[in-house]
Amino acid sequence: QVQLVESGGGLVQPGGSLRLSCAASGSIFSINAMEWYRQTPGKQRELVAAISSGGSTNYADSVKGRFTISRDNAKNTVLLQMNSLKPEDTAVYYCRFTIQTQPLKYEYQYWGQGTQVTVSP
């Protein structure tokens, strides 16, 4: 089994910073994409940032220049550094990894449990 555990959410004032972390554990052979999504009530979950196994990154337009995604392959961990936070960044943030648990097996996507980020004065 594979488990993803997130940490780092919380309450921050506008203009502040937070760093989210998501670590995978369990039966892991390789991890391809690592992604961060966010969701607010009544809306679909949206992709915030992604990083490939080779280190290529992709960001939603709304966070470009403010958020930075990075990965530590040795620790099976992805980080999301969020700077210049705005009230509209308030959401539950989820990580998602594409993982191959054994050689020559299919890849599957696994989700973290979500962490609340609230940006408010």
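Just so it is clear, the values below take in all heavy atoms, side chains as well, and ignore hydrogens, waters and symmetry mates. Each residue takes its place number in the sequence, starting with 1. Worth saying up front: this structure is predicted, and the values here are computed from it rather than measured.
Taking SG from Cys22 and CD from Glu6, the interatomic distance works out to 5.0 Å, rounded to the nearest 0.5 Å. Note that CD of Gln100 is 10.5 Å distant from OG of Ser27, once rounded to the nearest 0.5 Å. Going from atom CZ of Arg19 over to atom OG of Ser70 covers 7.5 Å, rounded to the nearest 0.5 Å. Here the CG-CE distance, from Leu18 to Met82, works out to 4.5 Å after rounding to the nearest 0.5 Å. For the atom pair CG (Asn76) and CZ (Phe97), the distance works out to 7.5 Å, reported to the nearest 0.5 Å. The structure places CG of Leu79 at 10.5 Å from OG1 of Thr68, a figure rounded to the nearest 0.5 Å.
With hydrogens and angles left out, the side-chain atoms of Asn83 and Ser17 include a donor and acceptor closer than 3.5 Å.
For Trp36 against Ile69, the heavy-atom pair with the smallest separation is CD1-CD1, 3.7 Å. Across all their heavy atoms, Phe29 and Pro103 have their closest contact at CE1-CG, 3.5 Å. Taking each heavy atom of Arg38 and Asp89 in turn, the nearest pair found is NH1-OD1, 3.0 Å. Across all non-hydrogen atoms, the minimal contact from Phe67 to Tyr59 is O-CE2, 3.3 Å. Taking all atoms of both residues into account, the shortest heavy-atom contact from Val5 to Gln113 is CA-OE1, 3.8 Å. Shortest non-hydrogen contact noted between Leu4 and Ile99 is CD1-CD1, 4.3 Å.
Not a single side chain to side chain donor-acceptor pair (under 3.5 Å) links Ser53 to another residue, sequence neighbours left out. Arg45 is linked by a salt bridge (Lys or Arg N to Asp or Glu O under 4.0 Å) to nothing, counting only residues two or more places apart in sequence or in another chain.
Considering only heavy atoms from C-beta on, Thr40 stays 4.5 Å or farther from Thr90 through its side chain. Looking only at side-chain heavy atoms (C-beta outward), Pro121 and Pro14 come within less than 4.5 Å of each other. At a threshold of 4.5 Å between non-hydrogen side-chain atoms, the residues Val2 and Ile28 count as touching. Contact annotation: the side chain of Ser7 never approaches that of Leu20 to less than 4.5 Å [non-hydrogen atoms, C-beta and beyond].
Without hydrogens or angle criteria, Arg71 side chain to Ser52 main chain gives a donor-acceptor distance under 3.5 Å. A donor-acceptor contact shorter than 3.5 Å is absent between the side chain of Ser120 and the backbone of Thr118.
When hydrophobic clusters are built by joining Ile, Leu, Val, Met, Phe, Trp and Tyr residues whose side-chain heavy atoms come closer than 4.5 Å, directly or via intermediates, Ile31 is not grouped with Trp111. Tyr94 and Val78 fall into different hydrophobic clusters, where Ile, Leu, Val, Met, Phe, Trp and Tyr side chains are chained together by heavy-atom contacts under 4.5 Å. Note on Val48: it does not cluster hydrophobically with Val92, by side-chain heavy-atom contacts below 4.5 Å among ILVMFWY residues.
Annotation for Gln1: atom CD does not count as buried by contact number, only 12 or fewer foreign heavy atoms lying within 6.0 Å.
Ion pairing between a basic and an acidic side chain is recognised when a charged N comes within 4.0 Å of a carboxylate O; Asp61 and Lys64 show such pairing.
For residues 95-118, the pairs satisfying salt bridge (Lys or Arg N to Asp or Glu O under 4.0 Å) are Glu35-Arg96, with sequence neighbours left out.
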Derivation and outcome, side chain to side chain contact (heavy atoms under 4.5 Å, CB included), residues Tyr108 and Thr101: CA-CA 8 Å; Tyr108 293 94; Thr101 57; 5.6 Å; no

